[in-house]
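Before any comments, here is the structure.
Counting convention: from 1, in listed order, for ligands and their atoms alike. What you see is a predicted model, and the numbers here were worked out from it, not measured in a lab.
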Amino acid sequence: MKVSFAAPALPRSGALVLTVAKGGALEGLAAEADAAASGALSKAMAASRFDGEAKAAIEVIAPSGLDAERVLIIGVGEELDARLAEDVGGTVYSALAKSGSGSATLVWPQTGSASAAGLGAALAAYRFDKYRTKLEDKDKPALTELVIAAPDTDAARRSYEEDGARVVEAVAFARDFVSEPGNVLYPESYADGLRELEALGVSVEVFDRAALEELKMATLLGVAQGSAREARVVVMHWRGGEGPPIAKGVTFDTGGISIKPSGGMEEMKWDMGGSAAVAGAMRAVAGRKAAANVVGIVGLVENMPSATAQRPGDVVTSYSGQTVEVINTDAEGRLVLADLLAYVIERYEPRAVVDLATLTGAMVMALAHEYAGVFSNNDALAESLISAGAAVDEKLWRFPLHDAYDKMLESPIADMRNIGSSREAGAITAAQFLKRFVGETPWAHLDIAGTAWTGKARPTVPKGATGYGVRLLDRLVRDVCES
Ligand code: BES
Ligand code: MN
Ligand code: ZN
């Protein structure tokens with residue numbers, strides 16, 4: 001959907017969208033529209049108990065006296081900040097997408113947040129219809145253009161073009177990867193897709209199996225060894241500023257000899273959500289030419305059961321030199337991350353590392369789909385992440401790390417086992433495992449198992465792949481590196 005900005009004026013065609021504050025009335029241009037429609041709009045508000053509550057909406061179809069084919073009146077609550085502006089934009093899009101109108105003009109009530117409304121609408125307009133060959137026109141959105149009539153037209157347009165639209169592209173980039181099924185998206189094709197970032201000035205380095213063997217990334221290769229698809233590790237580097245980089249890593253997978261039950265296994269095509277967040281974040285920082293030095297690294301593997309697959313009980317030597325007894329081949333994500341974390345820390349000596357992964361079912365049990373969990377050895381980094389997440393509605397809740405949990409990883413034969421000695425605190429023992437590979441570097445791990453995809457749409461997040469983490473990481477870079 002195209003988002004554009006224009007000086008406030010009533011449209012000659014399409015849909016007209018007006019805002020009303022909580023307990024307020026139609027004002028300014030909205031009051032003019034109401035007068036032109038002989039009071040039909042205020043009458044509709046009164047008739048439907050509409051009181052301007054945030055995101056509540058009513059629709060008046062074909063009002064006489066106005067050129068617009070329909071008028072949508074949407075509440076903006078008491079305090080319209082950037083976050084709510086995004087949700088209002090997204091709600092407007094969803095309310096009108098299939099209404100039949102091809103374009104809509106949203107009369108925005110204030111300066112400073114029109115770009116956020118455009119961002120929200122564009123995020124809500126994301127769709128993945130690639131494999132739906134029988135979709136009929138009436139089932140597709142008719143709305144292709146949103147004009148935002150903002151009092152600060154030029155500033156809003158500039159902000160959207162330089163920033164908002166770049167974030168939208170980055171989130172869509174991540175959602176597209178997450179949406180692809182496992183037969184189409186596998187390590188090699190995924191790595192090829194990431195090369196697209198080169199056009200934006202990101203250097204993209206792809207390590208194939210031979211290179212990974214040479215590097216001795218054995219815990220990562222152990223996960224991949226049962227698959228006909230070779231592993232890849234991709235390092236993406238945006239050099240937009242001085243100073244040490246922030247690095248982030250993650251995975252792609254399904255199954256193993258410790259095979260999952262078949263019910264719901266198809267969901268594991270989303271298991272590369274963390275890597276997509278990193279890819280999307282790289283696209284965002286490069287797209288808006290962030291003044292920061294950022295490295296993204298992703299470990300791409302397919303976890304399969306086969307004659308060549310890793311066995312429970314196998315001992316592997318990680319890139320860090322530490323040995324791991326693989327008790328459960330389904331705890332594969334941490335094996336991938338272990339090598340990436342140690343590698344990226346040694347190579348770049350980053351000021352901080354953030355990893356994202358759909359790491360544990362235990363995280364979903366703890367937080368369902370609202371919050372992702374954050375685990376960190378550094379309070380300041382954890383706080384920065386939590387506030388960045390709050391700003392972009394990608395919420396985080398902090399969990400503890402403690403030696404007592406670390407002890408649950410002891411192995412009689414190797415330096416550690418890859419799962420805890422009991423199923424209790426499964427998300428924490430997974431984080432403790434990762435912690436063994438980061439040394440003293442400020443590090444945070446985000447377990448996004450419950451938030452990488454959603455069965456329930458939100459104003460700016462349609463059902464399916466959420467792109468969770470893209471905006472969070474982008475915001476972290478703004479807050480920590482660019483201000
Ligand atoms: N990718 C899964 C975790 C997961 C489960 C993500 C459900 C999203 C939804 C991970 O590889 C996994 O299988 N973890 C195991 C670990 C266990 C064997 C210690 C789990 O959580 O069951
Ligand atoms: Mn698994
Ligand atoms: Zn997994």
Side-chain angles (χ1 to χ4, degrees), residues 178 182 185-187 190 219-220 222-227 229 231 249-277 298-306 309-314 324-340 355-373 375 399 405-406 408-411 416-434 445-456 464-466 468-469:
V178 176
L185 193 83
Y186 47 90
Y190 196 173
T219 57
L220 183 150
V223 175
Q225 78 186 34
S227 172
R229 305 292 195 185
V250 168
T251 180
F252 171 104
D253 107 277
T254 40
I257 292 290
S258 315
I259 197 163
K260 287 182 183 296
S262 52
M265 202 200 272
E266 70 282 0
E267 295 200 337
M268 285 299 117
K269 75 167 186 177
W270 313 106
D271 207 16
M272 31 57 70
S275 62
V298 295
L300 312 176
V301 298
E302 183 177 62
N303 187 20
M304 291 291 245
S306 79
Q310 178 155 255
R311 290 153 290 262
D314 281 5
V324 179
E325 182 187 12
V326 179
I327 301 291
N328 190 317
T329 62
D330 196 13
E332 83 295 335
R334 63 197 76 182
L335 297 170
V336 172
L337 286 168
D339 276 349
L340 297 181
D355 77 72
L356 293 92
T358 49
L359 205 63
T360 67
M363 193 80 270
V364 191
M365 292 300 125
L367 294 173
H369 310 288
E370 287 308 312
Y371 283 74
F375 305 77
F399 280 74
Y405 298 116
D406 183 73
M408 294 166 76
L409 296 170
E410 279 172 9
S411 159
M416 69 197 90
R417 40 192 276 150
N418 77 326
I419 59 171
S421 49
S422 87
R423 294 178 57 208
E424 295 170 344
I428 304 179
T429 52
Q432 293 287 165
F433 180 91
L434 300 178
H445 156 61
L446 313 188
D447 192 335
I448 63 168
T451 52
W453 67 95
T454 179
K456 203 177 92 201
T466 59
Y468 182 100

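No more than 12 heavy atoms of other residues, nucleotides or ligands shown are found within 6.0 angstrom of CD on Glu424.
Residue Asp330 does not count as close to the Zn ion (ligand 3), with no N, O or S atom under 2.8 Å.
A donor-acceptor pair is defined here as one N or O able to donate and one able to accept, closer than 3.5 Å; no such pair exists between the side chain of Thr451 and the backbone of Tyr468. Although no hydrogens or angles enter the test, the distance criterion places no donor-acceptor pair under 3.5 Å between the side chain of Asp314 and the main chain of Val326. When atom types are taken as modelled, the side chain of Ser306 and the backbone of Gly226 share a donor-acceptor pair closer than 3.5 angstrom. A donor-acceptor contact shorter than 3.5 Å links the side chain of Ser258 to the backbone of Thr329. In this structure, the side chain of Ser411 does not engage the main chain of Arg417 through any donor-acceptor pair within 3.5 Å. With His445 contributing its side chain and Phe375 its backbone, the two residues share no donor-acceptor pair below 3.5 Å. Judged by distance alone, the side chain of Asp355 and the main-chain N or O of Leu337 form no donor-acceptor pair under 3.5 Å.
Looking at Glu332, its N, O or S atom nearest to the Mn ion (ligand 2) turns out to be OE1. Counting just the N/O/S atoms of Glu332, the one with the shortest distance to the Zn ion (ligand 3) is named OE2.
Atoms of ligand 1 lying under 4.0 Å from at least one heavy atom of Glu332, given by number and element, are 11 (O). Below 4.0 Å from some heavy atom of Asn328 lie the following atoms of ligand 1, by number and element: 18 (C). The atoms of ligand 1 that sit less than 4.0 Å from any heavy atom of Ala449 are 6 (C), 8 (C).
For a threshold of 3.5 Å applied to N or O pairs, the pair formed by Thr358 and ligand 1 contains at least one separation below that value. Ligand 1 has an N or O atom lying under 3.5 Å from an N or O atom of Lys260, backbone or side chain. Note: an N/O pair closer than 3.5 Å links Gly361 and ligand 1 by distance alone. An N or O contact shorter than 3.5 Å is missing between Arg334 and ligand 1 by distance. An N or O contact shorter than 3.5 Å is missing between Trp453 and ligand 1 by distance.
If you look at Phe433 next to ligand 1, there are no close heavy atoms at all, none under 4.0 Å. Counting heavy atoms under 4.0 Å from ligand 1, residue Met268 touches it through the side chain alone. Of the heavy atoms in Ile419, only side-chain atoms (C-beta onward) come closer than 4.0 Å to ligand 1. At a 4.0 Å heavy-atom cut-off, ligand 1 does not touch Glu267 at all.
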Discussion item. If you apply the rule side chain to side chain donor-acceptor pair (under 3.5 Å), what do you find for Ser275 with Tyr190, and how did you get there?
Written reply: CA-CA 10 Å; Ser275 62; Tyr190 196 173; 2.7 Å; yes
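Just one residue in the list Glu332, Met304, Arg334, Glu302 forms a side-chain contact (heavy atoms from CB on, under 4.5 Å) with Val223, and that residue is Glu332.
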